[in-house]
Amino acid sequence: MGAAEMLSGRYIALARSHTDRVDSLSTGQDPDGASHGGSDTSGLDTALLDQMPEAVVVCSLDAVCVHVNPSLERHLGRPRQELLGRRLWELHPEWTERSFQERFRQVVRTGESAEFERHAEPQDRWFVKRLFRVHERVVLFSRDISAEKKQEATLRALYDEMRRAQRHAAFLAQASEVLASSLEHDLILQRMAHLAVPILGDACSVDLPMPDGQVRRAAAAFSRQEMVAPAQDFQTRYPIRLEDAAGIGKVLRTGVTEFTPDFPAMLAAAQGGSSAYRRDVEALGISAYIIVPLISRGRVLGALTLLNSESRRRYTEADVRLAEDLARRAATSLDNGRLYTEAQEAVRARDSFLSVASHELNTPLTSLMLNIQALRRDMEPRASNGPASPEALSTKVVAVQRQVSRLSSLVRELLDVSRITAGRLRLEREDLDLAALTREVVPRFTEDLARAGCALHLEAGGAATGHWDRLRLEQVLQNLLSNAIKYGRGRPIEVRVGADASRACLSVKDQGVGIPPEGRARLFQRFERLASERHYGGLGLGLWIVKQIVDAMEGRILVESVPGQGSTFIVELPRHPA
């Protein structure tokens, strides 16, 4: 038996007890058979009525009060003398109601008792009332049951909360199973969106911020197929932007939940905005929404949106908490999937790097070994011709030096990776002129430029002084020039150096293969190669090292590129550290 049924049974039992006691008064006998004095002309024991905690009023058949007990005096806040002799309807506003008066007349007419509950809204109090006829009198009992009602409401609320918690726990358990079923981002999110509809809303979507500042809808689910086309059309016409003042864009930007329990009222109260946009929003029929961020390790990974439309259910704070719990689980699953993907990509990058590194190191080593063997043969006396000429020996020595330099450069790049990754990239700053340093470094590439068929044009006339690390700036110049020669083979290269009051600028422009738009985000990543190693050598570390050095000097590196028309790398450095 539920709490409500138990309390109702208790009220009925108490009311019957009062009936038995009052019915016994009509004969002057209590339920145990004892007689009482102090009865009125109808035989009612008014002394006993006066002792009752319930409010009691005795009326004639035409509703004139002939007796009230002290409890009723306290309830009405008026003395007995002001109440006796007046019609019952005149004593309290509640008794002026037609329903009450009809009940009174029915009791007078039929002699059958009537029991009912009344709620006094101004005082928020509940009363159970009992009307019955005893000979030529009608007695009204009124008992305050506010405490019981509040207890009943508390029990009902606790029961509802328990049921809600059970439903939420079951839903979250199911959601956890779904989220753990895969490590593929979009697949998990799509499954989660379908799980949330219709349990949590009529529509559910998940949106993710992208590195280029755009927002991508990764998953969406709807309770009715007819909702799909209008929602997609609305998203096409009004794409989500991270700078939006409200909605999904704001949640992605701030990481704070947005909850609107009455969306039409909020839309009506909103000022400004496009009238066409407002009409389109109203056409979607959204009644309420919850948008919660997907946050893991302090990073906003996405936003979960729950919408109500035709169901017209009311969202509460409990629904918001449930949505946030779901979002936390989804964010953890997303983060795990991302970490797994990154680990897989790191393994692939490592394997690719080891393959490239072995090839890159083996190539100069092989050439070096061949040249050393040739030098040894040329230096041995031969019976017919004698030792090789100094010119022939010099050519082979130059080749050996070139291969040793190449090996040294590769080893230095590998050491730089180790230092940068371990956070041991130290700068030894000094005052120097970037223009003079560039004029000094460029001639070192004369042979490489000639071999690649590239003409180099240098503009570095004026001074561009600053407080930088000479060796690291040389490394930046060398890597950018090597990159331009590698990808701009057979075409001219332009190098410019300039400065203003606060910053110095170095640009290296080639007219080579260029960089596709989808490759820009990966350009400065470690071990990243945008072109096949079969056609272009290197470890895929040069630009990553350049960016790490520029970042360490508090500068920035920009790239401008058109596929098939070349690329321009621009390095901007503050002339003095902050």
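Atom set for the values below is all heavy atoms of this structure, side chains included, hydrogens, waters and symmetry mates excluded.
- Under the 4.0 Å criterion applied to side-chain N and carboxylate O atoms, Glu317 and Arg321 are not assigned as salt-bridge partners.
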Ignoring hydrogens and angles, write down the donor-acceptor pairs under 3.5 Å from the side chains of residues 204-212, residues two or more places apart or on other chains.
{"from": "Asp207", "atom 1": "OD1", "to": "Arg217", "atom 2": "NE", "distance (Å)": "2.9"}
{"from": "Asp207", "atom 1": "OD1", "to": "Arg217", "atom 2": "NH2", "distance (Å)": "3.3"}
{"from": "Asp207", "atom 1": "OD2", "to": "Arg217", "atom 2": "NH2", "distance (Å)": "3.1"}
{"from": "Asp212", "atom 1": "OD1", "to": "Gln214", "atom 2": "N", "distance (Å)": "3.0"}

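- The shortest side-chain heavy-atom distance between Leu506 and Val495 falls under the 4.5 Å cut-off.
- Under a cut-off of 6.0 angstrom, the local environment of CD in Glu428 is sparse, with at most 12 non-hydrogen atoms contributed by other residues, nucleotides or ligands.
- Partners of Lys547 according to the salt bridge (charged side-chain N to carboxylate O under 4.0 Å, His left out) rule, which considers only residues two or more places apart in sequence or in another chain, are Asp551.
- Judged as a side chain to side chain donor-acceptor pair (under 3.5 Å), and not counting sequence neighbours, Gln511 has no contacts.
- Closest approach of Phe222 and Ala220 over heavy atoms only: CE1-CB, 4.0 Å.
- Counting heavy atoms of neighbouring residues, nucleotides and ligands inside a 6.0 Å radius, atom CD of Glu430 exceeds 12 of them.
- Of the inter-residue distances, the one linking Arg444 atom CZ with Thr446 atom OG1 reads 11.0 Å to the nearest 0.5 angstrom.
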Could you check Leu481 against Leu456 for side chain to side chain contact (heavy atoms under 4.5 Å, CB included), going step by step and ending with a plain yes or no? CA-CA 10 Å; Leu481 284 170; Leu456 188 144; 3.9 Å; yes

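- Across all non-hydrogen atoms, the minimal contact from Gly255 to Pro293 is O-CG, 3.3 Å.
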Applying side chain to side chain contact (heavy atoms under 4.5 Å, CB included), run through Cys505 and Ile570 and close with a yes or a no. CA-CA 7 Å; Cys505 179; Ile570 304 167; 3.6 Å; yes

Report the C-alpha distance between Asp186 and Arg216 in whole Å, list the side-chain angles of each, state the deciding distance to 0.1 Å, and finish with yes or no for side chain to side chain contact (heavy atoms under 4.5 Å, CB included). CA-CA 11 Å; Asp186 288 6; Arg216 180 175 72 89; 2.9 Å; yes

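- Checked against side chain to side chain contact (heavy atoms under 4.5 Å, CB included), Pro239 has no partners two or more places apart in sequence or in another chain.
- Every side chain to side chain contact (heavy atoms under 4.5 Å, CB included) that Ala323 has, sequence neighbours left out, goes to Ile290, Val292, Leu306.
- Of the possible polar contacts, one joining the Arg253 side chain to the Leu242 backbone as a donor-acceptor pair under 3.5 Å is found.
- The minimum heavy-atom distance linking Leu200 with Asn308 is given by the pair O-OD1, 4.4 Å.
- Residues Val441 and Gln478 are in side-chain contact: their nearest non-hydrogen atoms beyond the backbone lie under 4.5 Å apart.
- Looking at Tyr238 and Asp280, their side chains do bring a donor and an acceptor atom within 3.5 Å of each other.
- Shown here for Asp335 and Ser296, the closest heavy-atom pair between the two residues is OD2-OG, 2.9 Å.
- No side-chain heavy atom of Asp244 sits under 4.5 Å from any side-chain heavy atom of Lys250.
- For the pair Thr236 (side chain) and Gln232 (backbone), a donor-acceptor distance under 3.5 Å is present.
- Rounded to the nearest 0.5 Å, atoms CZ (Arg429) and NE2 (His576) are 11.0 Å apart.
- Taking the charged nitrogens against the carboxylate oxygens, Asp448 and Arg451 do have a contact shorter than 4.0 Å, which makes a salt bridge.
- For the pair Tyr289/Glu258, a side-chain contact is recorded, criterion being any heavy-atom separation below 4.5 Å from C-beta on.
- Among Val476, Leu471, Leu477, the one residue that satisfies the side chain to side chain contact (heavy atoms under 4.5 Å, CB included) test with Glu474 is Leu471.
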Going through the checks in order, is the side chain to side chain contact (heavy atoms under 4.5 Å, CB included) test met by Gln190 and Leu187? CA-CA 5 Å; Gln190 193 62 46; Leu187 180 59; 5.5 Å; no

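- Distance alone, capped at 3.5 Å, is enough to place a donor-acceptor pair between the Ser223 side chain and the Asp202 backbone.
- Proximity of Leu573 to Leu473: side-chain heavy atoms (C-beta onward) are separated by under 4.5 Å at one or more points.
- Between Pro577 and His467 there is a side-chain heavy-atom pair separated by less than 4.5 Å.
- Put simply, the side chain of Val281 reaches to within 4.5 Å of the side chain of Phe234, judged on heavy atoms.
- One finds the CE atom of Met227 at 10.5 Å from the CD atom of Gln225 (value rounded to the nearest 0.5 Å).
- Of all heavy-atom pairs between Ala463 and Ala499, the closest is O-CB, 4.3 Å.
- Applying the side chain to side chain contact (heavy atoms under 4.5 Å, CB included) test between Val251 and each of Thr257, Ile291, Leu294 identifies Ile291 as the sole match.
- Remark: Asp469 CG to Met553 CE distance equals 5.0 Å, nearest 0.5 Å.
- Within the 3.5 Å criterion, the main-chain N or O of Ser567 finds a donor-acceptor partner in the side chain of Asp510.
- Arg575 and Thr465 share a side-chain donor-acceptor pair at under 3.5 Å.
- Atom CD1 of Ile557 is separated from atom CG of Leu543 by 6.5 Å, given to the nearest 0.5 angstrom.
- You'll find the side chain of Leu432 reaches within 4.5 Å of the side chain of Trp468, heavy atoms only.
- Taking all atoms of both residues into account, the shortest heavy-atom contact from Ile240 to Gly249 is CG2-N, 3.7 Å.
- Every side chain to side chain donor-acceptor pair (under 3.5 Å) that Glu572 has, sequence neighbours left out, goes to Arg556.
- Separating the OG1 atom in Thr438 from the CD atom in Glu459 is a distance of 12.5 Å, to the nearest 0.5 Å.
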